[in-house]
Colleague: 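Attaching a single structure in structure tokens format; questions to follow.
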Amino acid sequence: MNHTQELQRIPYQVNKKAVIQKIIKSLQAELETYTRAAKASHAEATAEENRAENKYDTRGLEASYLATGQANKVLELEAAIEAFSDLKSKSFDDSPIDVGALVELDQDGENAFYFIGPSAGGTEVTEDEHEVLVITPQSPLGSQLQGRQPAEQLELSMAGAKQHIKIISVS
């Protein structure tokens with residue numbers, strides 16, 4: 001290659017199946033934690049020593065609310081694990097960005113990887129020393145990426161600031 005030719009950047013391909021598996025593993029660990037906490041909260045809510053002694057004693061009621069919230073989180077996590085398991089075989093090569101896509105972006109010169117998930121936004125995993133952040137179509141970035149194609153360049157509004165983004169790859 002001579003000096004006048006410009007070097008073309010070859011996008012790094014993160015292993016999408018490995019990313020999904022790591023997301024599922026992370027969600028399963030979180031599920032185990034919430035399951036234990038929900039059981040402990042339920043036991044506390046129903047314990048004899050937490051029975052209300054008067055109308056102002058709310059220890060048992062508070063423990064019951066906590067147990068209900070944790071049980072709901074368990075159901076959410078179970079649904080998320082199932083939804084991510086269903087995405088293992090979905091491929092997005094040269095397709096518009098949608099749920100299940102692993103997207104590499106160049107954001108003002110910095111490369112970042114995002115997985116468009118059905119839920120569990122904010123979950124982070126590392127694959128081959130690359131951090132991958134799960135975002136949902138409802139998130140500010142996820143909603144602006146929906147339907148976009150590889151090589152598109154766009155200007156996004158993020159937290160009131162304009163950011164120049166190039167879609168490097170979608171898988």
Side-chain angles (χ1 to χ4, degrees), residues 7-38 41 65-171:
L7 292 175
Q8 192 76 9
R9 183 189 174 285
I10 299 171
Y12 174 79
Q13 290 295 312
V14 171
N15 183 332
K16 181 177 170 180
K17 288 184 192 241
V19 168
I20 293 172
Q21 199 55 45
K22 287 183 178 187
I23 292 168
I24 291 170
K25 189 174 181 178
S26 174
L27 293 173
Q28 287 171 332
E30 194 175 347
L31 174 64
E32 289 173 19
T33 300
Y34 272 97
T35 300
R36 281 192 307 274
S41 294
Y65 288 152
L66 182 60
T68 299
Q70 290 169 332
N72 288 339
K73 184 66 176 179
V74 165
L75 294 175
E76 254 180 56
L77 287 165
E78 288 172 340
I81 290 167
E82 185 175 328
F84 277 94
S85 294
D86 292 344
L87 294 175
K88 286 181 184 177
S89 62
K90 203 169 183 181
S91 177
F92 282 90
D93 295 330
D94 299 323
S95 298
I97 296 172
D98 198 6
V99 172
L102 177 62
V103 182
E104 181 183 6
L105 301 179
D106 177 332
Q107 295 176 284
D108 291 328
E110 296 287 322
N111 283 24
F113 290 90
Y114 297 94
F115 187 88
I116 314 296
S119 59
T123 302
E124 275 189 86
V125 296
T126 302
E127 173 58 24
D128 262 355
E129 299 180 17
H130 289 79
E131 287 186 15
V132 179
L133 177 65
V134 176
I135 59 174
T136 64
Q138 296 78 26
S139 70
L141 179 58
S143 66
Q144 294 180 73
L145 288 175
Q146 288 294 292
R148 304 287 185 162
Q149 298 278 349
E152 273 192 58
Q153 294 189 33
L154 49 148
E155 186 175 274
L156 301 180
S157 296
M158 300 295 293
K162 297 281 187 198
Q163 196 174 53
H164 297 282
I165 292 179
K166 180 177 181 186
I167 301 170
I168 303 296
S169 66
V170 179
S171 60

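Since the structure is predicted, the reported quantities are computational estimates derived from the model, not experimental observations. Start at 1 with the first residue, then count along the sequence.
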Colleague: State, yes or no, whether a side-chain contact exists between Q107 and L156 at a heavy-atom distance under 4.5 Å.
Modeller: no

Colleague: Counting distance only, does the side-chain N/O of E82 pair as donor-acceptor with the main-chain N or O of E78 below 3.5 Å?
Modeller: no

Colleague: Calculate, to the nearest 0.5 Å, the distance between atoms CG and CG belonging to L77 and N72 respectively.
Modeller: 11.0 Å

Colleague: Please check if the number of heavy atoms outside E155 that lie under 6.0 Å from its CD is greater than 12.
Modeller: yes

Colleague: To the nearest 0.5 angstrom, please state how far the CG atom of L27 sits from the CD atom of E76.
Modeller: 11.0 Å

Colleague: Spell out, as yes or no, whether a donor-acceptor pair under 3.5 Å connects the side chain of S26 to the backbone of K22.
Modeller: no

Colleague: State the NZ-OH distance between K73 and Y34, to the nearest 0.5 angstrom.
Modeller: 5.0 Å

Colleague: Where is the tightest heavy-atom contact between P96 and G147, given as atom of each residue plus distance?
Modeller: CB-O, 3.6 Å

Colleague: Quick one, I165 and D106 - any side-chain contact, counting heavy atoms below 4.5 Å?
Modeller: no

Colleague: Taking CD in E152 as the centre, count heavy atoms belonging to other residues, nucleotides or ligands within less than 6.0 Å. Is the count above 12?
Modeller: yes

Colleague: In Å and rounded to the nearest 0.5 Å, what is the NE2 to NZ distance from H164 to K162?
Modeller: 9.0 Å

Colleague: Please name the residue in the list I135, L87, L141 that meets the side chain to side chain contact (heavy atoms under 4.5 Å, CB included) test with I116.
Modeller: I135

Colleague: Using every non-hydrogen atom in the two residues, find where P150 and V170 come nearest and quote the distance to one decimal.
Modeller: CG-CG2, 3.8 Å

Colleague: Give a yes or no on whether the backbone of L102 and the side-chain of K16 come within a donor-acceptor separation of less than 3.5 Å.
Modeller: no

Colleague: Shortest non-hydrogen contact from S85 to I24?
Modeller: OG-CD1, 3.5 Å

Colleague: Once rounded to the nearest 0.5 Å, what's the spacing between atom CD of Q163 and atom CG of L154?
Modeller: 9.5 Å

Colleague: So which atom in K88 and which in K17 form the shortest heavy-atom distance, rounded to 0.1 Å?
Modeller: O-NZ, 3.7 Å

Colleague: Please give me the minimum heavy-atom distance between V134 and I23, naming the atom from each residue.
Modeller: CG2-CD1, 3.5 Å

Colleague: Just do the side chain to side chain contact (heavy atoms under 4.5 Å, CB included) check on E104 and V14 with the steps written out, would you?
Modeller: CA-CA 9 Å; E104 181 183 6; V14 171; over 6 Å; no

Colleague: Could you list the residues that satisfy side chain to side chain donor-acceptor pair (under 3.5 Å) with E131, not counting sequence neighbours?
Modeller: none

Colleague: To the nearest 0.5 Å, tell me how far T123 OG1 sits from F84 CZ.
Modeller: 6.5 Å

Colleague: If you take all heavy atoms of F115 and V19, which pair is closest and at what distance?
Modeller: CD1-CG1, 4.3 Å

